[in-house]
Structures are given as structure tokens and as C-alpha cells.
Amino acid sequence: MNIFTTTLLITAGLSIILAMVSFWLPLMSPDQEKVSPYECGFDPLGSARLPFSMRFFLVAILFLLFDLEIALLLPLPWGDQLPSPQTTFFWASLLLILLTLGLIYEWVQGGLEWAE
């Protein structure tokens with residue numbers, strides 16, 4: 001057998017085994033909370049126009065921003081193999097400085113204070 005056939009058989013076998021285990025393993029005793037369409041704790045029949053916390057929104061946006069920063073800086077270790085690594089590290093440090101200044105500004109303005 002060649003490597004392609006072996007890989008294909010192992011992949012198919014593992015997929016079938018995992019699919020069979022996923023049907024046999026879980027407990028089949030649903031309760032009222034599990035069969036409800038909303039497990040998050042709010043009433044689905046109430047008003048959809050509830051007030052939204054702007055502090056929660058700000059923290060969520062900051063989390064997404066710094067998560068994006070990690071995604072942008074992830075290929076940085078391979079930047080030293082480029083023809084001009086100084087340019088890569090310059091732009092990466094400029095991004096870090098800009099995001100740090102933004103975080104300091106939010107902190108000084110009190111946007112990160114969860115409770116008053």
C-alpha cells in the first residue's frame with residue numbers, strides 16, 4: 001500500500017469511530033433547560049428593546065481589537081527572513097505603540113472601569 005491509501009484509510013477509520021462514539025456516549029436525559037431554544041438565560045418572549053450596556057460593548061470591542069493585534073503580530077517571527085526585516089519590525093512596533101496609546105487613552109478616560 002502506498003502512503004496515500006494508508007492515510008485515506010486511517011482518516012476514514014478515525015472519522016467513523018468518532019462518529020459512532022459521539023452517538024453512543026452522550027446522556028439521553030434532556031431536562032427543561034436543555035430542550036428550551038435559548039440557554040443563555042433571557043426570556044425569549046419578552047421585549048427585544050432592552051437597554052444595552054455601553055461598557056460591555058466597549059470591553060467587547062477592545063477584546064476584538066487586541067485579538068486582531070495578536071493575529072496581525074503572529075507572523076512576526078518569520079519577518080527576519082524577509083529581504084528587509086527592519087521595515088517589518090518597524091511596522092509591527094508602530095502597531096504596538098498605536099494600540100498601547102489607545103489603551104492608555106481608554107484607561108485615562110475611565111472606559112475600562114466596570115463598576116462605578
Side-chain angles (χ1 to χ4, degrees):
M1 255 195 270
N2 61 9
I3 190 73
F4 178 73
T5 309
T6 306
T7 305
L8 190 63
L9 286 175
I10 291 173
T11 305
L14 280 176
S15 299
I16 290 171
I17 289 171
L18 288 174
M20 289 177 9
V21 166
S22 72
F23 281 114
W24 289 331
L25 194 59
L27 298 173
M28 295 298 177
S29 59
D31 54 355
Q32 183 62 29
E33 286 82 19
K34 285 291 183 182
V35 296
S36 71
Y38 299 101
E39 294 182 14
C40 59
F42 68 88
D43 183 22
L45 302 176
S47 173
R49 306 280 185 226
L50 296 175
F52 190 72
S53 171
M54 287 306 289
R55 292 196 188 273
F56 176 77
F57 179 72
L58 179 65
V59 170
I61 291 296
L62 285 174
F63 174 76
L64 288 175
L65 180 69
F66 285 103
D67 196 32
L68 178 65
E69 171 201 2
I70 292 170
L72 288 174
L73 294 177
L74 191 61
L76 189 60
W78 291 278
D80 62 348
Q81 300 173 1
L82 293 174
S84 61
Q86 290 84 11
T87 307
T88 305
F89 292 124
F90 169 74
W91 287 110
S93 51
L94 186 68
L95 176 70
L96 282 174
I97 290 170
L98 180 68
L99 288 174
T100 304
L101 289 175
L103 180 64
I104 291 171
Y105 176 76
E106 286 293 328
W107 196 342
V108 168
Q109 293 295 320
L112 299 177
E113 298 293 327
W114 191 257
E116 298 185 23

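Just so it is clear, the structure is predicted and the values come from calculations on it, not from any experiment.
Among residues two or more places apart in sequence or in another chain, the side chain to side chain contact (heavy atoms under 4.5 Å, CB included) test is passed with Thr87 by Ser84, Trp91.
Hydrophobic clustering places Leu68 together with Leu103 (ILVMFWY residues linked when any side-chain heavy atoms are closer than 4.5 Å, directly or through intermediates). Residues Leu96 and Leu62 are members of one and the same hydrophobic cluster, defined by side-chain heavy-atom contacts under 4.5 angstrom among Ile, Leu, Val, Met, Phe, Trp and Tyr. No single ILVMFWY cluster, assembled from side-chain heavy atoms under 4.5 Å apart, contains both Leu98 and Phe89. One hydrophobic cluster, built from ILVMFWY side chains closer than 4.5 Å, cannot hold both Phe90 and Leu95; they sit in different ones.
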N/O donor to acceptor pairs below 3.5 angstrom from side-chain atoms of residues 2-21, sequence neighbours left out:
from, atom 1, to, atom 2, distance (Å)
Asn2, OD1, Thr5, N, 3.0
Asn2, OD1, Thr5, OG1, 2.6
Thr6, OG1, Asn2, O, 2.9
Thr7, OG1, Ile3, O, 2.7
Thr11, OG1, Thr7, O, 2.7
Ser15, OG, Thr11, O, 2.8

